[in-house]
Amino acid sequence: MKVTFSLRLVSLIVAGLIAVLILCPAPVTASMTVVGSKYMGDISPGTTVTHTMTISSKLGDAPMDLSIAVMGFGTSPGQSYIALSPVDDKSPYSARNFITLDTQSIHLNGGESKTVKATIAMPKDVGDGGRYAMIQLKTMATGDGSTMYVTAISVPVMITIAKSAITQKGTITDVHVGEIVAGQPFHIVTALQNTGNYHYYSTKNTVSITDSGGNVIGTAISAPSNSVIIPTYTANFDIPFNKSLALGSYTIKSQVSLEDGTVLDTKTIPYEIKTKYIAPPSQENITITPQNPAVLASSDGRIRVNFPSGAVFSDVAVTLKPITLNQLPTLPQGAKAGGTSFKIDGLSGLLSKDATISVKYSDADLNAAGGDASKLVLARYDIPDNKWTLLPTTLNKDTTTLSAATNRFGTWAVLASNGGVTAAGSAGNQKTGGFLPLNITTVLVSLGVMVVIIGVRAKKK
Amino acid sequence: MKVTVHMRLGLFVVAVFLVMLMICPAPASAAILSFSVTGQYLNMGMTPDTTVYNSTAANGINATVVSDGNWKITAYDGMPTNKAAGSAGHMAEAIGENFVSGGKYLVNPLQISGDSGSNYYDIPMAASPRQIASGGANSPGGTSVWPIFKQVVTKYEQGVSSTHTYRIVVTFEATNT
Amino acid sequence: MILLKKLLLVVVLLLVGLLVLPQGVLAETGIAALSGTVPVSLSLLCTGSDTMEPLNYANTPVHNDTASSTMNITPVSNAPWQLTAYDALTTSKPAGSEGKMVEWVTDQYIASSPKVFSVPLKIYSTGSSFVNLGASGAPVTIQTGDSNNPDGTPVFPRFEQPVAQYEKALASANTYHIIVTFSAVNT
């Protein structure tokens, strides 16, 4: 009886756990193909054009039901395309009301193909420039129980009103500098609104920083954008900068131009650096040989790796390169990154002798540790093990340096962790900075085993 | 005196004749009496990973030459205005009859055969036209050549938006040899 | 008189030249046009499944649950494309819960006062990091690309669900649930 009660308890514990996000049933294959997945054409006022889309699925796919709707066409500042509901479609350049479909739903068996026709009727008094809409084809939510997903293909409709007056204009509505974090690139973001009556592609943003003496410190140009900017919508251009900047006043000039070089707009803002900005480490390369010791160091000396002789059995080319915090794998629970992160490539296996890695921590790193440098550790992400290792780390507060011994390399970061470091200058008995991540399965199994053991003992008694 | 007058007259006649030769080219032994090209092949099927041929002699593209001497017909891509640089011989993106500046073009060049499909050649640039047919004097009846075009459509082709097509204008030239 | 004779001679010779001498060989040309179309096409293939670690919500420290992913969405297109994800509030998901998991039973969201997870689901955006899943008006771009036919570009969506302390408990038959819409478009 007591055993039964204990088993019930286990069941309740298990039942009390909440799952689950299952997005695709396993295993399953579903596909949808649209031929005619973009319309771009000239249409004269007062005329009608038909755009045909052929929709198909693959042989072997489960039957699918698709809903088809004409939506508005919008874009986000991040240049994502948006299918707008009628309520949200407020643009004077919308073509949504010009388009009718010959069907609003289709059923496809696996391997089947059907056509959908969109009739575009341009009003006589439509005006000038471009008109825009989106035709969205969407599957129903499919799956069993909580296993559900929806896939959609949106067909942009981009109409040029034939023989109308086309104006391509733009206004920079904002230029600002993102958060400055030592050791990370800082970002200059420019927002450009299309103030003309026609769309454009392949816009470029050129940004330059000039110091108070008029000297150009750096210039960067964005790659031409693959996404369209349609009238009334705003697109953001985000350009990272890697140049170290001393304290002082600067001028930032941002210019957006069309593919042919026509300047849409230029805006200049003042910018003050109040805290010294440390750029990410530069890329450095060395070759390690078996016979000789070697040093791999960033140009500013903040990162330094000392390889003893005999660390490798043959010549190896090793590279130090910057990596942004965004690119770091998910951090261990409770750990926080400040700003120092980098990668060391070229060594896929283990060194035969440990190297010593030394990193100067920044103010951003210290802030992540709440001002307590003893909480900072050097951490290494090992891809084969798919986990972070917080290394036993020595702290030298006088030189603001963290150092550790390592026999392998990969992605590195300075992390703030409750594990902490050894005292400054202490060489031995180093406390590991690692910890065991919480594992729900382990906890459950342990609880279950405990209950069973308790129950069995109770029965014996 | 008479001799001087005749010499002057003779020199004058020679001078006039030389001027006329400069204006009117030296007499040739043959001429292209007429040459015409008819037909076009629009709406070629462009299914990826297939090879497309133009239609048969009954309704295809035809070049007819009439000559009183030996002749040849060559073909080339005249690269009309705005046809994408690097696309000589390739079908390139166009809207109607106008090529799109910097537009896309098919991976493989269009090919032509003047001998009923025995041999195919890539359509070249104007600077190095490809001979597709030749013959002797055929006046007054003339000779009709029915070139066969072949287009390999790969699975890597880029799509073009609704009102755009892939297009090429092949120039045929008839000359005496 | 002599001058007159010269002039007459010039005229005669010119006429002879024009009428008797052949005009020479000129190349004759003609043109033929060929055209066809390769329409823009886009496919989406979805395979596999994605399961979050069981969300142990009650009385636990704050942590993140990450998805173990075998899910694969492959856009295939002969023109540049973009893949986005958003919460379309499908199946009457309540307004205000955009991006967040909501209480679900059997085949629908709880209609009356469903419990809503305190923080949104996060999805990984290429080139960025994990960002909150949003509504249809604020999709997250998870991948973009140029034409990639015929093989396509497999995209493996990655999710992260931060679990705040003391998320609301659910009745045993109920789960927290969300339906994610993946949308592809030619740019």
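Within every chain, numbering begins at 1; the chains are lettered A, B, ... in the order of the sequence lines, protein sequences first and strands thereafter.
Within the 4.5 angstrom heavy-atom criterion, atoms from both the backbone and the side chain of C:Thr141 approach chain A. With a 4.5 Å cut-off on non-hydrogen atoms, A:Met158 does not touch chain C at all. With a 4.5 Å cut-off on non-hydrogen atoms, A:Val35 touches chain C through its backbone and its side chain both. Heavy-atom distances place the side chain of A:Tyr201, and not its backbone, under 4.5 Å from chain C. Within the 4.5 angstrom heavy-atom criterion, atoms from both the backbone and the side chain of A:Asn226 approach chain C. For a residue to count as touching a neighbouring chain, one of its non-hydrogen atoms must lie under 4.5 Å from one of that chain's; by this rule C:Thr181 touches chain A with backbone and side chain alike.
At least one side-chain heavy atom of C:Val185 sits under 4.5 Å from a side-chain heavy atom of A:Pro156.
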Audit row: A:Val150, C:Ile179, side-chain contact (heavy atoms from CB on, under 4.5 Å) steps and yes/no = CA-CA 7 Å; A:Val150 170; C:Ile179 300 169; 3.9 Å; yes
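How far CD1 of A:Ile153 is from OG of C:Ser41: 9.0 Å, rounded to the nearest 0.5 Å. Taking OH from A:Tyr81 and OG1 from C:Thr187, the interatomic distance works out to 4.5 Å, rounded to the nearest 0.5 Å. With values rounded to the nearest 0.5 angstrom, A:Lys38 atom NZ is found 11.5 Å from C:Leu42 atom CG.
Remark: the backbone N or O of C:Val40 is paired with a side-chain donor or acceptor of A:Ser37 at under 3.5 angstrom.
Here the closest heavy-atom approach between residue A:Thr33 and residue C:Ser43 is recorded as OG1-OG, 2.6 Å. Nearest heavy-atom pair across A:Ser31 and C:Leu45 is CB-CD1, 3.6 Å. In terms of heavy atoms, A:Ser80 sits closest to C:Pro139 at OG-O, 3.7 Å. Across every non-hydrogen atom of C:Gln82 and A:Gln79, the tightest pair is NE2-O, 2.8 Å.
Residue A:Lys138 qualifies as open at atom NZ: its count of foreign heavy atoms under 6.0 Å is 12 or below.
Counting heavy-atom pairs under 4.5 Å between each of C:Ala79, C:Ala173, C:Gly137 and chain A puts C:Gly137 at the top. Counting heavy-atom pairs closer than 4.5 Å to chain A, the top-ranked of the candidates C:Ser183, C:Pro39, C:Ala138 is C:Ser183.
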